[in-house]
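Report on the following structure.
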Amino acid sequence: MIGDLVTPSNIAVASGALTGVVGLFVATLAYRGYRRNDSPMMRWLAVGIGLLTAGAFLTAIVVDQAGGGDTLVLLARGLVTVAGLSAVLYALLS
């Protein structure tokens with residue numbers, strides 16, 4: 001019974017979900033910093049962290065559920081990751 005639940009696929013999804021939840025928590029803290037200090041850099045940092053964690057995970061899930069193959073899932077996840085890293089870079093350079 002438990003052996004059916006503990007599969008590499010389920011562990012990967014659970015790990016990604018946990019990363020997304022923790023990332024959203026950190027992004028929320030950065031967004032609160034933006035609201036408190038009215039700092040656009042913190043807003044971009046929040047967006048970047050959110051995209052890097054929850055955004056990449058959700059994108060992979062949505063594209064996979066929509067019937068996209070492995071190549072499309074990796075492409076979509078990569079594009080979201082690049083967008084997240086770009087937002088973090090913008091926050092650090094501004």
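For the numbers below, each heavy atom of this structure counts, side chains included, while hydrogens, waters and symmetry mates do not.
The CG atom of L74 sits 11.0 Å away from atom CG of L79, with the distance rounded to the nearest 0.5 Å. The line from CG of L5 to CD1 of I11 is 10.5 Å long, rounded to the nearest 0.5 Å.
In this structure N10 satisfies the side-chain hydrogen bond (donor to acceptor under 3.5 Å, both in side chains) test together with T7, sequence neighbours excluded.
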Per-pair distances, 0.1 Å, donor-acceptor, side chain in residues 83-94, under 3.5 Å, sequence neighbours excluded:
from : atom 1 : to  : atom 2 : distance (Å)
S86  : OG     : V82 : O      : 2.8
S94  : OG     : Y90 : O      : 2.6

Please table the atom pairs, donor to acceptor, closer than 3.5 Å between any side-chain atom in residues 33-58 and protein atoms at least two apart or in another chain.
from : atom 1 : to  : atom 2 : distance (Å)
Y34  : OH     : R43 : NH1    : 3.2
N37  : ND2    : G33 : O      : 3.3
T53  : OG1    : I49 : O      : 2.8

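Both L75 and V73 belong to a common hydrophobic cluster when Ile, Leu, Val, Met, Phe, Trp and Tyr are linked at side-chain heavy-atom distances under 4.5 angstrom.
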